[in-house]
Amino acid sequence: MSETTPASGAAETTTAPFRYSAALAAEIESRWQDIWEKEGTFHAPNPAGDLADPAAGDVAAKPHSFIMDMFPYPSGAGLHVGHPLGYIATDVFARFQRMNGHNVLHTLGYDSFGLPAEQYAVQTGTHPRVSTEANIANMRQQLRRLGLGHDPRRSIATIDPEYYRWTQWIFLQIFNSWYDEQAGKARPIAELIGEFADGSREVPGGRDWAALSAGEREEVLGEYRLAYAKEVPVNWCPGLGTVLSNEEVTADGRSERGNFPVFKSNLRQWMMRITAYSDRLIADLDLLDWPEAIKLQQRNWIGRSEGARVDFAVDGRKITVFTTRPDTLFGATYMVLAPEHDLVDSIVPAAWPEGTREEWTGGAATPAEAVAAYRATAAAKSDVERQVEAKVKTGVFTGAYAVNPVSGEPVPVFIADYVLMGYGTGAIMAVPAHDHRDFAFARAFELPMRCVVQPTDGRGEDPAEWDDAFDTYDSVIVNSAHAEGTSDGVSDGVSLDGLSVVDAKAAVTTWLAERGIGEGTVNYRLRDWLFSRQRYWGEPFPVVYDEDGVMHALPESMLPVEVPQVDDYSPHTYDAYDSTSKPKTPLSRNEDWVNVELDLGDGPKKYRRETNTMPNWAGSCWYELRYIDPTDSAKVVDPANERYWLGPTEQKPGGGADLYVGGAEHAVLHLLYARFWHKVLHDLGHVSSVEPFHKLFNQGMITADVYRDERGFPVPAAEVEERDGGYFWQGEPVKREAGKMGKSLKNAVAPDEIADEYGADTLRLYEMSMGPLDVSRPWDTRAVVGSYRFLQRLWRNVVSESTGELVVTDETPDEATLRVLHKAVDGIRGDLAGLRFNTAVAKAIELNNHLVKRGSTPRPVAEQLVLAVAPLAPHIAEELWRRLGHGETLAYADYPVADPAYVVDETVTCVVQVKGKVKARLEVAPSISDAELEALALADPAVVAAIGGAEVRKVIARAPKLVNIVTG
């Protein structure tokens with residue numbers, strides 16, 4: 001059998017009994033994994049608490065690295081080879097840091113609450129705890145086989161009551177806090193209550209705090225709490241029986257899981273006031289070492305914009321809008337409210353006003369009928385779908401007119417689905433001449449347009465002749481002066497004509513503020529975080545309600561509130577299109593759990609538990625803290641340990657984990673939520689760090705070919721044959737396309753399969769060598785053998801395949817070998833530090849190949865090579881290190897450092913060109929100057945012959961690699 005084939009079989013056993021084969025790799029890998037586990041090789045000592053280690057010396061004095069992977073969700077399908085890409089990368093870097101003297105915290109936990117596990121349980125009849133724990137056990141075994149150097153003592157699962165006890169505790173910290181705008185941070189709600197009680201802060205509405213009932217006080221506090229319950233428009237999915245976050249709804253308004261229709265419905269839900277932190281979430285991005293693309297996504301998601309709030313009067317009421325362009329107020333010719341706006345019902349008249357255009361009515365006999373019909377249609381669309389630019393604009397007239405506050409002119413009020421309640425005030429002033437969406441709407445409904453910003457592109461001032469809106473900040477305002485003597489309710493008008501956009505914004509904002517009908521303000525696209533789900537498999541809320549419906553937070557001594565054991569955990573679902581249905585939570589069916597008698601400090605009383613559960617985002621908002629201190633039963637994290645692993649330093653001013661690796665798909669939501677929770681805990685004094693993750697790295701994906709039959713259905717990729725220039729499955733032609741790897745596409749390759757055939761080190765090496773870590777790359781099982789051959793050659797350079805004895809020599813390495821060694825060490829060290837694992841592998845192969853060609857391996861070179869590749873292929877490296885006579889693990893051996901004298905080339909090849917053609921190649925010193933190089937080139941016989949006595953007009957020397965001579 002040739003060495004290019006996976007080693008197995010009797011023939012090989014006879015000819016090369018000690019060859020590095022799949023069987024030998026499996027034995028080595030299993031043995032070293034057992035040793036690491038038994039000896040606690042990767043246990044990272046804390047400076048304080050249960051995980052402190054007196055034998056480790058002064059831990060606080062050592063450099064340290066906290067290296068994290070994004071929380072995996074344990075699937076019943078197990079891992080495919082795409083999943084461990086990031087885990088292997090962080091392990092390589094963690095091992096490299098250990099060998100450079102760092103105390104490394106590297107572990108992995110499991111994000112295990114949520115809808116996937118619940119749905120799987122419903123489908124199979126297996127309790128979600130049983131199936132989830134089985135999935136975790138399987139995943140742990142798969143990851144262990146890869147040789148990942150995790151500290152197993154620190155691994156956690158969000159479904160462990162001792163873990164979600166602290167999730168509930170953090171929720172209570174947020175619930176019992178409010179954001180003090182003046183202080184710029186969260187403060188305990190008790191301090192706000194104290195200010196209301198002593199009169200130092202006015203109670204909204206001017207009421208007396210002492211005279212308010214418990215329910216009234218809670219209602220007031222609900223407007224301040226960072227976690228609060230309120231009736232809000234949400235994404236209701238009858239087919240799943242639960243409310244969904246915007247991120248769980250597809251662009252066409254259906255559930256991401258199950259593809260059910262989703263409707264807008266007003267329901268009482270738990271919310272997190274993340275909007276209070278908008279400015280800090282933007283500003284503190286400057287503290288982080290994150291990809292600029294991710295920072296930009298976060299800034300755009302938060303969507304900070306400066307402008308003004310403006311009041312439009314309508315039938316004795318006012319509609320408040322937020323606009324970033326108050327300078328265009330004179331151009332506002334109509335208004336639009338979100339269909340869900342709470343003012344809609346109160347302004348709709350009984351009949352259509354005289355002269356109402358038919359196209360404004362939606363064909364309805366009355367405004368109320370038109371509004372009701374349109375609301376039903378809008379409710380069936382997701383927010384994403386509503387914001388997508390549509391060719392056909394839809395909406396209906398409410399029958400009401402508002403008054404433009406600067407011109408005094410009446411403007412019709414419409415409802416339309418392109419306006420959302422979540423952004424601004426849920427109402428806009430429409431300036432169709434200078435806004436593209438408003439322009440399209442105005443054209444569709446034949447609404448007037450007024451040009452108020454002087455066009456600078458050559459078009460005239462009549463919008464009727466335009467093809468689209470004109471929008472610029474670099475112009476002057478026109479047609480924006482109040483006509484004196486008109487009886488329109490505007491007594492002292494304002495004129496903006498001739499002002500720049502910036503000056504006009506300032507002038508009109510001041511004018512509005514002086515009259516109490518507007519003010520300058522900042523608005524955000526970010527909305528408060530919907531934080532409740534109508535599911536069984538999630539963290540229960542640690543709150544109860546008394547017989548009067550007043551909410552009470554449970555004391556810390558009553559945590560955790562455990563998920564009750566039930567037989568029926570399925571959600572109450574409805575007909576998928578029943579938009580009028582309301583959720584019935586699974587927990588509400590468990591009466592013994594819901595209705596309880598508790599003593600909350602004023603004697604035993606009857607209470608009702610909250611029956612919503614937290615979203616699966618909750619557990620992943622803070623897990624970095626529990627990794628640090630998983631056994632602390634008194635605190636969420638010991639302050640000394642948090643400061644050690646996460647505390648701010650000169651290199652990371654906001655603090656946070658040293659490296660966080662995961663997919664770019666979590667660019668906004670998980671990262672934003674985790675940052676919010678961390679900042680609240682920082683404000684309340686529980687953590688020293690301002691940010692949870694200092695450096696972020698997004699790894700790419702491993703993709704795989706998908707093969708589809710004539711119906712378009714995927715077929716098993718492993719069974720497809722390639723012949724005659726085509727692809728066939730069971731004799732029938734199939735089409736190949738690039739795609740993701742996954743069970744549903746029938747192209748998943750399990751890491752166990754590769755480990756069985758080649759060994760785990762081969763899989764690790766191949767995944768790291770496929771390409772740059774931050775780009776996606778296609779999987780090719782046939783190419784894995786290249787990494788396998790490298791490890792076989794590495795083994796042969798140290799161990800005899802025939803005898804199993806060492807073949808290293810005691811000879812002194814020659815200078816050429818030393819140069820190859822130290823250049824490789826220097827390159828690999830830099831590549832590992834920079835997460836350039838593919839080029840590190842290439843340099844290791846180059847060094848190894850040099851030794852193969854050389855024919856023997858000096859011991860000093862063998863040892864340096866083994867240490868250099870240890871982070872990438874740790875099992876074979878440990879084995880070779882032990883066979884080289886070392887009794888201790890190399891996990892803490894010093895990583896090789898190159899000798900600078902051998903890294904610099906003795907000579908460099910310089911190309912000499914005459915009139916653009918290469919005429920000579922000179923071997924020169926790397927330190928040669930331009931002048932010396934020019935003289936050397938002009939004296940070279942081949943160059944002299946090429947010049948042939950012609951005049952040398954110019955010589956361009958770029959030491960040490962190029963000389964260009966121009967003659968004639």
Side-chain angles (χ1 to χ4, degrees), residues 113 129 159 161-162 164-178 188-190 192-193 196-197 207 209-232 234 241-243 266-272 531-572 582-615 618:
F113 272 127
R129 176 170 292 280
I159 60 172
E162 279 305 304
Y164 67 76
R165 165 197 175 192
W166 291 106
T167 306
Q168 293 170 342
W169 180 88
I170 296 172
F171 171 83
L172 290 177
Q173 306 311 300
I174 300 171
F175 173 76
N176 286 319
S177 300
W178 64 292
I189 201 76
L192 178 64
I193 294 172
F196 283 148
R207 294 172 291 176
W209 182 257
L212 298 182
S213 68
E216 289 171 329
R217 290 181 180 183
E218 190 52 49
E219 185 177 343
V220 171
L221 295 177
E223 296 301 317
Y224 290 84
R225 292 188 188 274
L226 289 177
Y228 62 96
K230 188 176 183 179
E231 187 170 284
V232 291
V234 294
T242 188
V243 166
N266 284 330
L267 298 171
R268 183 184 175 279
Q269 298 291 303
W270 278 99
M271 308 292 291
M272 289 274 182
F531 196 72
S532 52
R533 299 291 185 271
Q534 292 67 50
R535 298 174 186 155
Y536 164 71
W537 196 233
E539 297 94 335
F541 284 91
V543 296
V544 293
Y545 302 87
D546 63 25
E547 292 178 315
D548 295 324
V550 177
M551 184 189 306
H552 300 266
L554 293 178
E556 185 177 338
S557 60
M558 291 188 179
L559 302 182
V561 179
E562 294 198 33
V563 180
Q565 184 72 25
V566 298
D567 295 326
D568 182 10
Y569 36 77
S570 60
H572 186 97
K582 301 295 181 184
K584 295 180 181 178
T585 60
L587 288 179
S588 65
R589 296 195 291 264
N590 191 338
E591 301 254 343
D592 291 339
W593 182 84
V594 174
N595 299 303
V596 291
E597 186 175 278
L598 303 172
D599 185 352
L600 300 183
D602 52 357
K605 292 183 180 179
K606 292 182 178 180
Y607 295 93
R608 178 176 54 83
R609 293 192 189 277
E610 171 65 72
T611 60
N612 285 293
T613 54
M614 299 184 198

Are Leu226 and Met272 close enough, and set up right, to give a side chain to side chain contact (heavy atoms under 4.5 Å, CB included), and what steps lead you there? CA-CA 6 Å; Leu226 289 177; Met272 289 274 182; 5.9 Å; no
Any chance you could lay out the side chain to side chain contact (heavy atoms under 4.5 Å, CB included) test for Val563 and Tyr536, step after step, and finish with the verdict? CA-CA 8 Å; Val563 180; Tyr536 164 71; 3.5 Å; yes
Under the criterion side chain to side chain contact (heavy atoms under 4.5 Å, CB included), I'd like the reasoning laid out for Val232 against Leu267: C-alpha separation, chi angles, the key distance, then a yes or no. CA-CA 6 Å; Val232 291; Leu267 298 171; over 6 Å; no
Assess whether side chain to side chain contact (heavy atoms under 4.5 Å, CB included) is satisfied between Trp209 and Val220, documenting all intermediate values. CA-CA 10 Å; Trp209 182 257; Val220 171; 4.1 Å; yes
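Shortest non-hydrogen contact noted between Leu600 and Pro555 is CD2-CD, 3.9 Å. Annotation for Ala553 and Leu172: closest pair CB-CD2, 3.8 Å, computed over non-hydrogen atoms. In terms of heavy atoms, Pro571 sits closest to Pro586 at CA-CG, 3.8 Å. Summarising the geometry of Asp599 relative to Met558, their closest heavy-atom pair is O-CE, 3.6 Å, with the distance given to 0.1 Å.
For the pair Asn590 and Asp568, the minimum side-chain heavy-atom distance is 4.5 Å or more. Two residues are said to be in side-chain contact when any heavy atoms from C-beta on lie closer than 4.5 Å; Val544 and Arg608 fail this criterion. A heavy-atom distance below 4.5 Å is not found between the side chains of Lys605 and Glu597. In this structure the side chain of Pro564 reaches within 4.5 angstrom of the side chain of Leu587, judged on heavy atoms. Side chains of Gln269 and Phe531 form no contact here, defined as non-hydrogen atoms less than 4.5 Å apart. Looking at Trp537 and Arg129, their side chains come closer than 4.5 Å, going by heavy atoms from C-beta outward.
To the nearest 0.5 Å, atom CH2 of residue Trp178 and atom CD1 of residue Ile189 are 7.5 Å apart. Of the inter-residue distances, the one linking His552 atom NE2 with Asp546 atom CG reads 3.5 Å to the nearest 0.5 angstrom. Note that CZ of Arg207 is 5.0 Å distant from CG of Leu212, once rounded to the nearest 0.5 Å. Residue Leu192 holds its CG atom at 6.0 Å from CG of Leu221, rounded to the nearest 0.5 Å.
Between the side chains of Thr611 and Ser588, no donor-acceptor pair of N or O atoms lies under 3.5 Å.
Checking side-chain atoms of Tyr569 against main-chain N and O of Arg535 turns up no donor-acceptor pair under 3.5 Å. Within the 3.5 Å criterion, the main-chain N or O of Val550 finds no donor-acceptor partner in the side chain of Asp548. With hydrogens and angles ignored, the 3.5 Å screen pairs a side-chain donor or acceptor of Arg609 with a backbone N or O of Trp593. Asp592 contributes no side-chain N or O that, together with a main-chain N or O of Val594, makes up a donor-acceptor pair within less than 3.5 Å. Judged purely by atom type and a 3.5 angstrom limit, Gln168 has no side-chain atom pairing as donor or acceptor with the backbone of Glu539. In this structure, the side chain of Thr242 engages the main chain of Gln534 through a donor-acceptor pair within 3.5 Å.
Taking the six-membered ring for Trp, Phe113 and Tyr164 have ring centres closer than 6.0 Å. Within the 6.0 Å centre-distance limit, the rings of Tyr224 and Phe196 are counted as a close aromatic pair.
Taking the side-chain contact (heavy atoms from CB on, under 4.5 Å) definition, one finds that His572 meets it with Tyr574, Lys584, Arg589, sequence neighbours left out. Evaluation of the side-chain contact (heavy atoms from CB on, under 4.5 Å) rule for Glu610 yields Arg268, Trp270, Phe541, Val543, Tyr545, Asn612 as partners, not counting sequence neighbours.
Ring planes of Phe171 and Phe175: parallel class, angle under 30° (limits at 30 and 60°).
Residue pairs satisfying the salt bridge (Lys or Arg N to Asp or Glu O under 4.0 Å) criterion with at least one member in residues 209-229, sequence neighbours excluded, are listed as follows: Glu218-Arg225.
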